[in-house]
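These values consider heavy atoms only, across backbone and side chains, with no hydrogens, waters or symmetry-generated copies.
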Amino acid sequence: MSIFINRDSRVLVQGITGRDGSFHARGMKEYGTKVVAGVTPGKGGQKIEGIPVFDSVEEAVARTRANVSVIYVPAPLAQDAIYEAVDAEIPVVVCITEGVPVRDMIEVSGYLQGKSTRLIGPNCPGLITPGECKVGIMPGFIHSRGRVGLVSRSGTLTYEVVWQMTRAKMGQSTCIGIGGDPIVGTRFVDTLAQFEADDDTDAIVLIGEIGGTDEEDAAALIEEFVTKPVVAFIAGQTAPPGKRMGHAGAIVSGGAGTAQEKMARFERAGVPVARVPSEIPGLVATALAARRRKATLKVVMGGKKSAGSKKKKAVARPKAASKTKKKAARPSRTNAAPKRSTTKRGAAKRPAAKKTARKKSRR
Amino acid sequence: MNLHEYQGKELFRAGGIPVPPGEVARTVEEAETIAARLGFPVVIKAQVLIGGRGKAGGVKVVSNGAEFTREAGRILGMDIKGHAVRKILVTPATEIEKEFYAGIVLDRKYETPLLMVSPSGGIDIEEVARQTPEKIMRLHLDERGLPAYRARAAARFLDDRPAVRKQLVDVLLKLARVYAEQDCSLAEINPLIVTPHGEVWAIDAKVVVDDNALDRHADVAAMRDLGAEDPGEVEARGKGLSYVRLDGSIGCVVNGAGLAMATMDMIQFHGGKPANFLDIGGSSNPDKVTAAMNILSRDQRVRAVLFNIFGGITRCDDVARGLLTALDRIGTKLPIVIRLTGTNEKEAREMLDARGMVALSDMDEAVRAVIARASEAA
């Protein structure tokens with residue numbers, strides 16, 4: 001399996017005629033990704049790297065059955081590009097663009113409520129299922145196939161950690177960069193639930209950073225629902241308050257969002273926290289070994305206990321999977337009048353995805 | 001981008017929020033002219049892009065000319081937490097009966113703006129949140145913005161006089177509009193006051209505008225006060241770098257924000273102190289590397305510099321070329337430790353070898369090496 005993307009994903013590149021779009025379209029294709037279409041308004045009919053270019057996402061989807069879109073358009077155009085992909089009912093949309101205004105993302109976030117699309121990013125490197133599909137800008141060669149899932153708010157720091165894992169012979173199931181902006185489509189909690197439900201993932205590495213409370217939400221979710229070992233690292237332990245550290249979302253404000261708080265929260269949730277990136281592979285190995293020992297012990301003890309624990313696990317899983325939806329990250333607005341439908345994004349996702357699939361099969 | 005109080009008040013005033021008159025001065029003479037026009041008593045307020053100026057003595061009520069000249073001179077020469085006071089705001093002293101808080105901030109968790117009001121104004125809202133959380137009312141804004149009925153609920157929470165409530169509703173609605181229209185990430189009035197005559201005034205303004213949205217607000221972008229910011233940070237921004245000065249001795253040049261933060265953390269972990277955060281981004285342009293080295297060489301506290309480059313899309317040999325070009329241009333004497341890993345690492349290593357420079361491939365090793373070089377140089 002893997003999460004969000006796999007060897008069958010059919011990728012559409014929005015902004016394919018731009019400098020970044022064409023460069024990375026080639027990179028993805030060379031990696032083996034099925035890049036089936038590109039879109040640049042007004043430039044339909046061309047071919048870029050042998051990929052047909054269309055004027056609209058709707059047309060591209062109708063003609064190529066693309067089911068993943070990756071966006072490389074300039075920041076002022078990103079909101080519109082996301083809307084176009086959402087309206088074409090593309091199940092997974094990855095926005096690489098950096099510098100999207102927060103107000104644009106607030107509006108996108110509102111529009112996505114109840115829609116079938118899973119947005120990843122903006123301001124992210126994308127995601128990769130090693131050996132199968134790369135959607136984004138990461139260097140493919142540093143990855144290797146394996147059973148550790150990785151999720152991060154950063155780009156090059158993710159590469160650093162992936163590279164260390166690859167050298168430690170620890171392959172990855174899917175690596176996903178969720179983006180460094182204050183508002184992103186997919187958060188830690190969403191990916192944790194996906195990894196928990198993914199049969200090809202045995203352990204999860206989470207790379208957070210200062211700013212916001214997504215790491216704290218992740219720790220709370222892990223405490224309650226995640227049975228697989230998780231190892232965390234938080235960047236920005238030495239960052240001064242009130243200063244934006246490159247990423248728009250990486251800022252300690254009003255004493256909240258510090259690395260120290262986040263690390264302490266993970267430790268309370270029983271998640272080992274690496275002090276430096278180089279400790280990560282070792283911590284993952286230790287956590288996996290401990291888990292194996294427990295499993296073996298259960299088998300050795302046999303009988304009732306083993307059956308009991310299995311049962312317990314079977315209950316825990318679907319529960320966690322239902323948390324895929326933004327639910328955990330968005331408790332109901334207590335003080336706000338909840339005018340918006342409280343239907344969580346993902347809740348509507350499954351039926352809608354089925355609908356798309358049916359449409360496709362009719363063609 | 002953080003705005004000065006007087007700039008925030010300009011935005012408020014343009015949005016129809018009642019703000020007392022007042023003007024900004026750069027010299028004592030200018031300030032005296034303004035004070036004479038306004039009439040005593042007036043308040044002199046230091047304009048710096050950092051909080052806590054009141055406690056530091058940067059805000060003063062004065063009631064006569066002699067006192068004014070003395071205080072204006074004192075405040076204009078002040079240094080508040082490393083920020084030199086170059087401008088003061090002169091504004092009439094207002095009689096205060098009640099002080100409220102009203103502020104809108106982005107709530108990242110709910111992905112909407114959040115309006116907070118409190119009858120305990122004039123003090124840090126975080127302090128109120130810690131001590132007396134029941135004194136804060138929180139209202140999330142949604143695609144409707146702030147509906148009037150919710151503004152009325154907020155006003156009822158603050159004051160029980162109908163005439164005052166009416167003015168408060170008006171201020172809150174306008175504040176919400178300014179926040180949205182100007183792409184703010186913070187718009188705060190603290191304090192929002194009521195005079196003994198029952199008039200409501202915004203006598204302070206703290207506004208932060210989303211950097212990513214400045215392209216659509218040329219007027220706000222033009223407010224940027226380069227003189228009030230760290231010169232290195234200003235230069236870096238001009239060159240497309242992201243730089244934040246810290247107080248350590250080990251300079252670092254890194255590609256990518258997350259890796260740059262992790263590099264700083266690792267320097268501290270291994271016993272050193274980082275001098276800065278510096279992200280050169282995905283580019284290997286020699287101009288960027290030169291700009292980075294120029295900024296770090298000017299910082300007297302920097303004893304050694306670490307380059308930490310993870311070559312992905314960025315090619316290591318391009319960065320090495322940029323670094324060598326930069327060093328030829330500026331000829332720094334600072335010890336430099338280079339860590340390169342990834343795409344075209346071998347070619348980069350050969351180029352650096354040929355010039356007698358050593359490139360390491362392990363991040364921990366490189367950090368330990370730069371700490372050692374810095375302590376030798378100290």
So, [X] and [Y], do they make that salt bridge, N to O below 4.0 Å?
{"X": "B/Lys109", "Y": "A/Asp217", "value": "yes"}
{"X": "A/Asp104", "Y": "B/Arg216", "value": "yes"}
{"X": "B/Glu365", "Y": "B/Arg368", "value": "no"}
{"X": "B/Arg138", "Y": "B/Asp107", "value": "no"}

In chain order, what residues pass the side chain to side chain contact (heavy atoms under 4.5 Å, CB included) check against [X], with sequence neighbours excluded?
{"X": "A/Pro74", "result": "A/Pro76, A/Leu77"}
{"X": "A/Val86", "result": "A/Ile82, A/Tyr111, A/Leu112, A/Lys115, A/Thr117"}
{"X": "B/Asn344", "result": "B/Arg315, B/Asp317, B/Glu347"}

Test item: [X] and [Y] side chains (from C-beta on) under 4.5 Å apart, heavy atoms:
{"X": "A/Arg153", "Y": "A/Glu215", "value": "yes"}
{"X": "B/Asp230", "Y": "B/Tyr243", "value": "yes"}
{"X": "B/Leu11", "Y": "B/Val207", "value": "yes"}

Of all of [options], which one pairs up most often with chain B through heavy atoms under 4.5 Å apart?
{"options": "A/Gly99, A/Pro139, A/Ser154", "result": "A/Gly99"}
{"options": "A/Ala256, A/Pro277, A/Pro101, A/Gly140", "result": "A/Pro101"}
{"options": "A/Ala259, A/Gly27, A/Gly249", "result": "A/Gly249"}
{"options": "A/Gln164, A/His247, A/Glu160", "result": "A/Glu160"}
{"options": "A/Gly246, A/Ala250, A/Ala235, A/Gly236", "result": "A/Gly236"}

Which value, rounded to the nearest 0.5 Å, describes the distance between A/Ile178 atom CD1 and A/Phe188 atom CZ?
4.0 Å

Surrounding CZ of B/Arg237 (heavy atoms of other residues, nucleotides or ligands, distance under 6.0 Å), is the total greater than 12?
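Enclosed: over 12 neighbouring heavy atoms sit under 6.0 Å from CZ of B/Arg237.
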
Side chain / backbone / both / neither for [X] at chain B, heavy atoms under 4.5 Å:
{"X": "A/Val161", "value": "neither"}
{"X": "A/Glu216", "value": "neither"}
{"X": "A/Ala75", "value": "neither"}

When B/Ala260, B/Gly311, B/Ala257 are compared by non-hydrogen pairs under 4.5 Å with chain A, the top option:
B/Ala257

Please rank B/Thr343, B/Leu115, B/Leu241 by heavy-atom pairs under 4.5 Å with chain A and give me the top one.
B/Thr343

Which atoms of [X] approach chain A - backbone, side chain, both or neither, heavy atom under 4.5 Å:
{"X": "B/Thr341", "answer": "side chain"}
{"X": "B/Asp265", "answer": "both"}
{"X": "B/Leu186", "answer": "neither"}
{"X": "B/Glu127", "answer": "neither"}

Report, by ascending residue number, the residues of residues 205-212 of chain A in heavy-atom contact with chain B at a distance under 4.5 Å; give 'none' if the set is empty.
A/Glu209, A/Ile210, A/Gly211, A/Gly212

Can A/Gln237 and B/Gln268 be counted as having a side-chain donor-acceptor contact under 3.5 angstrom?
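Absent: no donor and acceptor within the cut-off.
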
